[in-house]
Trainee: 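Quick one: structure below, then a few questions.
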Amino acid sequence: MKNKTFNSNNVIIITRFFENVRIHMNKVRFPVLLDYLIKNHTYNNKKLAQETGIDRTVIQKYISGARLPSSYDNIELIADKLTLPEEERNMLYDAYKIEKVGYEKYEQLKLIKKIIENISYPKKIDDYDFDISYQFNNINHFATTHQSLLILVRYVIDQAKNGNDNNIYAYLPDNTDIIDLISDNLNSSSPLYLNLLTNIITVEKAQIDNIKKFENLLPLIFLDNTQIRYQYENLSLIQETNFSYPYCISSPSCSLLINSDLSSGILIENEGNNYILKQFKETYDKSMLFCQNINSATEIIKYYNSESKNINYVRSFSYEPCIVPCLDIDLIHKRYQGPKEYGKQIIDFLIQYKNQELQHIKNGSKFSFYFTKSGLQSFYDTGRVSEIPNQFYHPFSKNDVILLLSRTLNLARNYDSYRFYLINEAKFNIPNKFSLVLNDETEALITLGGDNNDTSVNIAILEPILRREFCSLIELIDLEDSYYDFEYSFNYIQKFIDSHK
């Protein structure tokens, strides 16, 4: 068979094809793209089958759409044999993933992965006080530009910070410089507390907007002086008034009504402010908690004790390995460093939590955790795991670490329901000090190291739609083949133990 000769027109056609693929990736099916790549890289199905060892009828089924590859092995064989450049290879992989789960779902999974890979605890900033001066010492109650609107936002914040009640109440778009301005003030030393109302979209194909909302609000969610509530309808808190401004930010002394494109606003005081604030609070009180920021030892215990014990599976995605089922009473007592007044309560809780997870495994319910090679080394070097709040315990000794890892292997030998898998960090970069615990779509708890080595922050995702999306993380790591199998992971830990004895 002669090699196909490409002239400049061929090159233009191919270039345009791949430009269309990039633009319309949601409409390009894996069979169509695979067929195109084979034909434009001097191959036919027969020759490709001969050189890859893949049965010719299997390749034909791939191209017809009658069958999808069960894994990436055959896709990689084909891509290698066709010598696809990186861009074309990635397009083929993406088309395969989209074919398996659908475009919208794949985009949602990619965004969840992006959030996890880039998650970080907000750093404290210097005091964010600002000096606001008004011409002739009078407040301009009307903002006709976005910049003048920001001045009024600062004024409302300043009124709250310097008044007797340091609360502000807001319904705002969740990705704006107004939110950034509020966040900076909340993260400073000045007294301020935010009550934020947001809305959740229930349309199935719009779930990515809810995930983006979580991403945009994450800096606020981490702060303990913020409470975010949600409703399922598109809110307009002042829709019953004569104003056409859907957004607002209020303090006890004044309210700022903001139009839909954030280009203008009206400052309301006195009786008008009382009416708007009353309306906001009535709506806010009827709404539900979006997330729960769990910082103190008693809050952590209360949260775990409120969860249902009848669960069918537990999954954990962490930087370091999961060790709770392998703890014992003596180790918990020896390493406890929490507040003395809560000592017995917290130790009892840790023992109960450990026994609960161990019983879960012995009952045959699935317990799986995914962690990184870097996290395994970090656990040995630092004696810390993100799964247990740092406030609770002194770092484990190196002997403790080896003991806990050995128990991990023994549990896996004795119970098929207990499995662990190393994450391929080249495909999924789980951050240091990060842990996500999931069970039966009823719990999604994020733990992240705080602003120093002695603190951790725990975020419970309470909104059911969003929580369900995070619980689908297992689909993503399966889809992208982001972890090593159990046998490889087991042998890796065994070699790690042997090398550190």
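Remember, it's a predicted structure, so these values are computed and weren't measured experimentally. For the numbers below, each heavy atom of this structure counts, side chains included, while hydrogens, waters and symmetry mates do not.
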Trainee: May I ask you to decide whether D478 forms a salt bridge with K100, counting only side-chain N to carboxylate O separations under 4.0 Å?
Mentor: no
Trainee: Taking the six-membered ring for Trp, are the ring centroids of Y230 and Y232 within less than 6.0 Å of each other?
Mentor: yes
Trainee: From Q494 CD over to Y492 OH, what is the distance, rounded to the nearest 0.5 angstrom?
Mentor: 13.5 Å
Trainee: Taking the side chain as everything from C-beta on, heavy atoms only, tell me whether I200 gets closer than 4.5 Å to K213.
Mentor: yes
Trainee: Compute whether any side-chain donor of one residue and acceptor of the other, for Q231 and S287, lie under 3.5 angstrom apart.
Mentor: yes
Trainee: Taking all heavy atoms of S120 and all of L448, pick out the closest pair and write down the distance.
Mentor: C-CD2, 3.7 Å
Trainee: Pairs in or reaching into residues 489-501: which pass salt bridge (charged side-chain N to carboxylate O under 4.0 Å, His left out), with residues at least two apart or in two chains?
Mentor: none
Trainee: When you check the side-chain N and O atoms of Y106 and D94, is any donor under 3.5 Å from an acceptor?
Mentor: yes
Trainee: If the threshold is 4.0 Å, N to carboxylate O, is there a salt bridge linking K114 and E215?
Mentor: yes
Trainee: Compare every heavy atom of E320 with every heavy atom of R384, then report the nearest pair and how far apart it is.
Mentor: O-CG, 3.8 Å
Trainee: Who are the ring pair (Phe, Tyr, Trp, His ring centres under 6.0 Å) partners of F222, not counting sequence neighbours?
Mentor: Y121
Trainee: With side chains defined as the heavy atoms from C-beta onward, is the minimum distance between L358 and K354 less than 4.5 Å?
Mentor: yes
Trainee: Do K105 and E469 sit within salt-bridge range, that is, some charged N less than 4.0 Å from a carboxylate O?
Mentor: yes
Trainee: Rounded to the nearest 0.5 Å, what separation is found between the CD1 atom of I75 and the CG atom of L84?
Mentor: 11.0 Å
Trainee: Work out which heavy atom in S417 is nearest to a heavy atom in I361; give both atom names and the distance.
Mentor: OG-O, 2.9 Å
Trainee: To the closest 0.5 Å, what do you measure between SG (C326) and CG (L411)?
Mentor: 4.5 Å
Trainee: Tell me, with the steps shown, if Y483 and F428 meet ring-ring contact (aromatic ring centres under 6.0 Å, His included).
Mentor: CA-CA 8 Å; Y483 63 100; F428 199 154; over 10 Å; no
Trainee: Does any part of the side chain of I54, heavy atoms only, come nearer than 4.5 Å to the side chain of L48, both counted from C-beta?
Mentor: no
Trainee: Under 4.0 Å between a Lys/Arg side-chain N and an Asp/Glu carboxylate O for R335 and D400?
Mentor: yes
Trainee: Is the closest basic N to carboxylate O distance between K212 and D174 below 4.0 Å?
Mentor: no
Trainee: Could you please spell out the steps behind the salt bridge (charged side-chain N to carboxylate O under 4.0 Å, His left out) verdict for D328 and R407?
Mentor: CA-CA 11 Å; D328 62 54; R407 289 177 178 174; 2.7 Å; yes
Trainee: Is I423 close to Y484 at the side-chain level, that is, under 4.5 Å between some pair of heavy atoms?
Mentor: no
Trainee: Identify whether the distance between the nearest side-chain nitrogen and carboxylate oxygen of D35 and K39 falls below 4.0 Å.
Mentor: yes
Trainee: So, T447 versus N458: side-chain donor-acceptor pair below 3.5 Å or not?
Mentor: yes
Trainee: For Y319 together with F434, are the ring centres under 6.0 Å from each other?
Mentor: no
Trainee: Are the aromatic rings of F486 and F420 close, with centres under 6.0 Å apart?
Mentor: yes
Trainee: Under a 3.5 Å threshold, yes or no: a donor from one side chain and an acceptor from the other, between S374 and T372?
Mentor: no
Trainee: Could you check if a side-chain atom of L409 sits within less than 4.5 angstrom of a side-chain atom of I493, using non-hydrogen atoms only?
Mentor: yes
Trainee: Above 12 or not: heavy atoms from other molecules or residues under 6.0 Å from CD1 of I329?
Mentor: no
Trainee: Is the ring pair F290/F214 parallel, tilted or perpendicular, if the boundaries are 30 and 60 degrees?
Mentor: tilted
Trainee: Shortest non-hydrogen contact from I63 to P31?
Mentor: O-CB, 3.1 Å
Trainee: Any cation-pi pair here, K362 with Y415, using under 6.0 Å and within 45°?
Mentor: no
Trainee: Salt bridge check: are E86 and R89 linked by an N-O gap of less than 4.0 Å?
Mentor: no
Trainee: Is K97 salt-bridged to E480, going by a charged N under 4.0 Å from an acidic O?
Mentor: yes
Trainee: I need the full list of salt bridge (charged side-chain N to carboxylate O under 4.0 Å, His left out) pairs touching residues 52-62, with sequence neighbours left out, sorted by first then second residue.
Mentor: none
Trainee: Is F367 close to P325 at the side-chain level, that is, under 4.5 Å between some pair of heavy atoms?
Mentor: yes
Trainee: Minimum heavy-atom separation for L422 and S489, please, with both atom names.
Mentor: N-OG, 2.9 Å
Trainee: Check whether NZ of the Lys or CZ of the Arg K398 lies under 6.0 Å from the centre of the six-membered ring of Y380 and within 45 degrees of that ring's axis.
Mentor: yes
Trainee: Could you tell me which non-hydrogen atom of I228 sits nearest to which non-hydrogen atom of L220, and how far apart they are?
Mentor: CD1-CB, 4.3 Å
Trainee: Check for me whether the distance between the ring centres of F317 and F371 falls short of 6.0 Å.
Mentor: no
Trainee: Do the charged groups of R29 and E99 touch, with an N to O distance under 4.0 Å?
Mentor: yes
Trainee: Using side-chain heavy atoms (C-beta onward) and a distance below 4.5 Å, is T226 in contact with I221?
Mentor: no
Trainee: Verify whether one side chain among Q207 and Q108 offers a donor that lies under 3.5 Å from an acceptor in the other.
Mentor: no
Trainee: Strictly below 4.0 Å, N to O, side chains only: are R467 and E443 in salt-bridge contact?
Mentor: no
Trainee: Using 30° and 60° as the class boundaries, would you call the ring planes of Y171 and Y247 parallel, tilted or perpendicular?
Mentor: tilted
